[in-house]
Peer 1: 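Here's a structure for you.
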Amino acid sequence: MINGFKDFVLKGNLIELAVAFIMATAFAAVVSSFTDTLMGFIGKVGGEPDFARVELFDVNIGVFINALISFLVIAAVVYFFVVTPYEKAMSRFKKEEPEAVKSDDVLLLEEIRDLLARQAGSGTSGI
């Protein structure tokens with residue numbers, strides 16, 4: 001029973017998932033703080049830092065506006081501070097894979113395909 005628990009805890013994927021969860025939680029706190037700060041600046045410009053009380057035709061749309069702005073800010077932060085640097089790092093460290101050399105039979109089949117496509121395009125069957 002102890003060995004089964006030990007195997008479960010020491011599985012590679014479980015440790016990686018735990019690390020990813022902890023890092024995501026910490027990153028979410030940073031992004032949330034950044035969003036709150038940005039919403040404060042937006043509030044200074046617009047006069048109200050929280051849109052929760054905004055109504056349109058007696059329907060409260062302020063909560064939706066807050067959620068939409070928060071989503072856009074989070075998406076921008078994730079894109080510019082996570083995705084873009086990751087893609088640049090991956091392109092820098094990615095090994096160039098040599099182009100696969102096609103065998104003679106594949107080249108012959110491609111020639112036949114191209115020839116048939118040309119004949120079908122010109123309207124002649126050639127037979």
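Predicted model only: the values in this text are computed from it and were never measured.
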Peer 1: So which pairs with a foot in residues 107-116 pass side-chain hydrogen bond (donor to acceptor under 3.5 Å, both in side chains), sequence neighbours left out?
Peer 2: K102-E110
Peer 1: For residues L108 and V101: do they belong to one hydrophobic cluster (side chain heavy atoms under 4.5 Å, members Ile, Leu, Val, Met, Phe, Trp, Tyr)?
Peer 2: no
Peer 1: Starting from I74, can I reach F80 by hopping between I/L/V/M/F/W/Y residues whose side chains sit under 4.5 Å apart?
Peer 2: yes
Peer 1: Using the rule that two of Ile, Leu, Val, Met, Phe, Trp, Tyr join whenever any of their side-chain heavy atoms come within less than 4.5 Å, decide whether L56 and I69 are in one cluster.
Peer 2: yes
Peer 1: Any sub-3.5 Å donor-acceptor pair from S32's side-chain atoms to A28's backbone N or O?
Peer 2: no
Peer 1: Run the numbers on F81 and V31 for side-chain contact (heavy atoms from CB on, under 4.5 Å), then give the verdict.
Peer 2: CA-CA 10 Å; F81 294 111; V31 171; over 6 Å; no
Peer 1: Measure from the side-chain N and O atoms of S33 to the backbone N and O of V30, and report whether any donor-acceptor pair falls under 3.5 Å.
Peer 2: no
Peer 1: Do the side chains of V73 and V82 join up, straight or via other hydrophobic residues, at under 4.5 Å, putting them in one cluster?
Peer 2: yes
Peer 1: If the condition is side chain to side chain contact (heavy atoms under 4.5 Å, CB included), which residues does L68 pass it with, not counting sequence neighbours?
Peer 2: F64, L72
Peer 1: Kindly compute the distance separating CG (L107) from CD1 (I112), expressed to the nearest 0.5 Å.
Peer 2: 11.0 Å
Peer 1: Same hydrophobic cluster for V83 and V77, using side-chain heavy-atom links shorter than 4.5 Å among ILVMFWY?
Peer 2: yes
